[in-house]
> 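Quick one: this structure, given as structure tokens, is what I'll be asking you about.
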Amino acid sequence: MGYVKLLFFMLYTFLCQLAFSSSLCPKDQALSLLQFKHMFTINPDASYDCEFSHPKTRSWNKSTDCCSWNGVHCDKTTGQVIELDLRCSELQGKFHSNSSLFNLFNLKRLDLSYNNFSGSLISPKFGEFSSLTHLDLTVTSFSGQIPSEISYLSKLHDLRISNVYPLVGYLNHLAI
Ligand SMILES: *[C@@H]1O[C@H](CO)[C@@H](O)[C@H](O)[C@H]1NC(C)=O
Ligand SMILES: *[C@@H]1O[C@H](CO)[C@@H](O)[C@H](O)[C@H]1NC(C)=O
Ligand SMILES: *[C@@H]1O[C@H](CO)[C@@H](O)[C@H](O)[C@H]1NC(C)=O
């Protein structure tokens with residue numbers, strides 16, 4: 001009898017492990033997102049141009065699967081983070097070249113518009129998101145030049161960069 005109980009116990013723990021390990025989001029990508037979150041403070045003024053802003057990163061935490069986090073979208077089969085929509089998310093702070101965001105190299109869409117990254121340059125590392133099709137850096141207070149590395153993004157077909165209202169800076173098939 002005790003032997004059967006042990007078997008059941010082993011089966012039970014095995015199933016539990018399976019349930020927990022089947023969360024979609026790869027751990028390293030969740031960690032990169034959390035590191036990214038902690039690089040910034042939340043300040044509603046950072047998204048003052050938005051009709052409606054919401055601190056999407058505030059709810060990001062380890063106890064939930066990162067694919068369910070606000071603004072994060074994963075590929076349904078591979079689980080890779082492929083979309084990050086942080087438009088109007090009240091983020092304020094420096095956006096460094098060593099940002100953990102650059103670890104998310106499967107990203108296809110990246111929207112960082114209407115946040116305040118004042119005092120930051122647009123890192124050449126944006127050119128390393130080789131799967132990127134959409135990049136939106138509208139009203140993000142980045143300064144300096146647009147790095148030529150952006151032209152390495154061969155799949156990019158929608159690039160928005162401007163520091164005023166998005167009338168300017170809309171480019172299709174960018175060629176630098
Ligand atoms: C943007 O952030 C900088 C410092 O990081 C701050 O001095 C500036 O006032 C902020 N702008 C807005 C509109 O909040
Ligand atoms: C983690 O996130 C979930 C949903 O996003 C939220 O309900 C929960 O309160 C959060 N937990 C912590 C410790 O912040
Ligand atoms: C990233 O770079 C900045 C400035 O160069 C530095 O202050 C910060 O500590 C670095 N962060 C990490 C995680 O290395």
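Everything numeric in this text was worked out from a predicted model, so none of it was measured. Each ligand, and each atom within it, is numbered from 1 in the order the structure gives.
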> Under 6.0 Å between ring centres: does that hold for Phe117 and Phe40?
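Distance test on ring centres: under 6.0 Å, yes.
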> Can you list every pair that meets side-chain hydrogen bond (donor to acceptor under 3.5 Å, both in side chains) and has a residue in residues 25-35, with sequence neighbours left out?
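Pairs touching residues 25-35 that pass the test: Gln29-Gln80, Ser32-Asn103.
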> Gln92 and side-chain hydrogen bond (donor to acceptor under 3.5 Å, both in side chains): which partner among Asn43, Thr41, Asn115?
Asn43
> Which of the atoms in ligand 3, numbered in the order shown and given with their element, are less than 4.0 Å from a heavy-atom of His96?
2 (O), 3 (C), 4 (C)
> What residue pairs, at least two apart or across chains, pass salt bridge (Lys or Arg N to Asp or Glu O under 4.0 Å) with a residue in residues 126-154?
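Residue pairs with at least one partner in residues 126-154: Arg87-Asp136.
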> List, pair by pair, the atoms of ligand 1 and of the protein that are both N or O and lie under 3.5 Å apart, giving the separation rounded to 0.1 Å.
| residue | atom | partner | partner atom | Å |
| --- | --- | --- | --- | --- |
| ligand 1 | 2 (O) | Gln92 | NE2 | 3.4 |
| ligand 1 | 2 (O) | Asn116 | OD1 | 3.4 |
| ligand 1 | 2 (O) | Asn116 | ND2 | 2.3 |
| ligand 1 | 11 (N) | Asn116 | ND2 | 2.9 |

> Please collect all salt bridge (Lys or Arg N to Asp or Glu O under 4.0 Å) contacts where either partner lies in residues 94-110, sequence neighbours excluded, each pair once.
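Counting only pairs at least two positions apart or across chains, no salt bridge (Lys or Arg N to Asp or Glu O under 4.0 Å) contact touches residues 94-110.
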> Is the distance between the ring centroids of Phe102 and Phe36 under 6.0 Å?
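When the ring centroids of Phe36 and Phe102 are compared, they turn out to be at least 6.0 Å apart.
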